[in-house]
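Single-structure report; data block below.
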Amino acid sequence: MSFAEKCRETILSGKCAGNCCGNTPLPSELVEKNRDKFQVEVIKELKVNLDEGEEIFCETEDNKCVFLNRETFGCLIYEDRPDICKRFGTDKDNTIMQCPFLKVNGNPRSPAQQRRYQRQNRDWMKQRMKVMEKQLN
């Protein structure tokens with residue numbers, strides 16, 4: 001079973017809330033192209049130029065991606081999803097890009113490992129948001 005299949009199985013079993021599909025800056029052109037697929041209302045939208053190009057951060061009330069179907073936990077732009085989403089969970093060399101709940105091979109992580117990876121991911125996102133906020137000021 002692939003990592004993606006194991007991930008979906010874990011989410012649907014209730015062992016994961018799909019938090020990896022959280023608010024993250026997305027390429028501007030991808031957001032504009034797929035606005036009609038937003039699943040929830042955007043509370044705040046920030047557009048900034050980062051090293052990777054112009055990106056848009058769409059803040060939602062539940063802190064999940066605007067393209068995440070809240071009932072099936074499926075991605076509504078899966079075929080067009082950005083690189084960060086394609087790499088997440090499968091990048092052996094970058095701990096920020098690894099799933100807090102599953103190892104790269106699809107096996108579950110221990111509770112201690114889950115907390116560590118969640119903390120690392122949270123810290124990375126805070127740092128990313130600081131970079132975006134500096135650009136806006």
Side-chain angles (χ1 to χ4, degrees):
M1 186 180 294
S2 73
F3 177 86
E5 292 167 328
K6 190 67 174 174
C7 177
R8 184 154 177 76
E9 179 184 284
T10 302
I11 290 170
L12 293 176
S13 72
K15 295 176 183 171
C16 174
N19 291 328
C20 55
C21 297
N23 288 337
T24 189
L26 299 169
S28 187
E29 63 185 48
L30 178 112
V31 172
E32 297 302 343
K33 175 183 170 186
N34 293 291
R35 273 192 187 277
D36 60 323
K37 296 178 182 162
F38 279 13
Q39 290 295 287
V40 293
E41 182 181 343
V42 174
I43 296 171
K44 184 166 62 172
E45 192 171 300
L46 303 172
K47 187 182 285 191
V48 295
N49 288 308
L50 298 173
D51 293 338
E52 299 82 9
E54 187 175 86
E55 294 192 357
I56 297 177
F57 177 80
C58 297
E59 184 178 347
T60 62
E61 192 172 310
D62 64 359
N63 293 313
K64 294 191 189 292
C65 180
V66 293
F67 300 115
L68 179 69
N69 182 309
R70 289 353 188 234
E71 293 176 19
T72 65
F73 291 100
C75 176
L76 296 173
I77 60 165
Y78 187 81
E79 297 302 320
D80 199 25
R81 71 195 186 283
D83 188 50
I84 191 169
C85 300
K86 291 175 184 174
R87 290 181 26 230
F88 192 85
T90 61
D91 192 331
K92 295 176 184 169
D93 300 322
N94 186 345
T95 58
I96 297 304
M97 295 301 294
Q98 292 181 19
C99 175
F101 299 97
L102 297 175
K103 296 177 183 177
V104 176
N105 63 11
N107 292 332
R109 294 190 189 281
S110 71
Q113 290 172 324
Q114 290 176 18
R115 287 189 297 276
R116 181 169 47 96
Y117 276 83
Q118 287 174 314
R119 184 175 51 254
Q120 288 173 334
N121 289 344
R122 204 171 32 248
D123 291 346
W124 178 84
M125 182 52 76
K126 284 179 185 176
Q127 183 179 8
R128 185 87 165 175
M129 291 304 298
K130 284 181 184 178
V131 170
M132 293 177 76
E133 287 170 358
K134 281 182 183 177
Q135 280 202 5
L136 295 172
N137 295 327

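Throughout, residue positions are numbered sequentially from 1 according to the sequence presented.
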- Task: Assess whether atom CD of Glu29 is packed by more than 12 heavy atoms of other residues, nucleotides or ligands within 6.0 Å.
- Result: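 At most 12 heavy atoms, drawn from other residues, nucleotides or ligands, come within 6.0 Å of this atom.
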- More than 12 non-hydrogen atoms from neighbouring residues, nucleotides or ligands closer than 6.0 Å to CD on Glu32, yes or no?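 It does: Glu32 CD has more than 12 such atoms within range.
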- Measure from the side-chain N and O atoms of Gln98 to the backbone N and O of Lys103, and report whether any donor-acceptor pair falls under 3.5 Å.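 Checked: no pair found.
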- Does Gln39 reach the main-chain N or O of Leu68 with its side chain, forming a donor-acceptor pair under 3.5 Å?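 Not at all, since once roles are kept as given, no pair shorter than 3.5 Å links the two residues.
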- Task: Taking side-chain hydrogen bond (donor to acceptor under 3.5 Å, both in side chains) as the test, write out the residues that go with Asp80, two or more places apart.
- Result: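 Partners of Asp80 by the side-chain hydrogen bond (donor to acceptor under 3.5 Å, both in side chains) criterion, ordered by chain and then number, come out as Lys33, Asn34.
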- Message: If I take atom CG from residue Asn63 and atom CD1 from residue Ile43, how far apart are they, to the nearest 0.5 angstrom?
- Response: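 One gets 7.5 Å once the value is rounded to the nearest 0.5 Å.
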- Item | Euclidean distance, Asn69 CG relative to Cys21 SG, rounded to 0.5 Å |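 Result: 11.0 Å between the selected atoms.
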- Message: Lys44: which residues meet the side chain to side chain contact (heavy atoms under 4.5 Å, CB included) condition with it, sequence neighbours left out?
- Response: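 Scan of Lys44 (side chain to side chain contact (heavy atoms under 4.5 Å, CB included), adjacent residues dropped) gives Leu46, Glu59.
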- Which residues, ordered by chain and number, are linked to Phe38 in its hydrophobic cluster, where ILVMFWY side chains connect at heavy-atom gaps below 4.5 Å, directly or through other members?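 Phe38 clusters with Leu26, Leu30, Val31, Val42, Ile56, Val66, Phe67, Ile77.
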With heavy-atom distances below 4.5 Å as the criterion, would you say the side chains of [X] and [Y] are in contact?
X	Y	result
Lys86	Arg81	yes
Phe88	Cys99	yes
Arg70	Asp62	yes

- With sequence neighbours excluded, what pairs up with Arg115 under the salt bridge (Lys or Arg N to Asp or Glu O under 4.0 Å) test?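 Per chain and number, Arg115 pairs via salt bridge (Lys or Arg N to Asp or Glu O under 4.0 Å) with no residue.
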- Query: What residues, two or more places apart in sequence or in another chain, satisfy salt bridge (Lys or Arg N to Asp or Glu O under 4.0 Å) together with Glu45?
  - Reply: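 So Glu45 forms a salt bridge (Lys or Arg N to Asp or Glu O under 4.0 Å) with Arg35.
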- Query: If every non-hydrogen atom of Arg109 is compared with every non-hydrogen atom of Pro100, which pair is closest and at what distance?
  - Reply: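 Looks like CD-O, 3.1 Å.
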- Query: Residues two or more places apart in sequence or in another chain: which of them pass ring pair (Phe, Tyr, Trp, His ring centres under 6.0 Å) with Tyr78?
  - Reply: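 Not a single residue meets the ring pair (Phe, Tyr, Trp, His ring centres under 6.0 Å) criterion with Tyr78.
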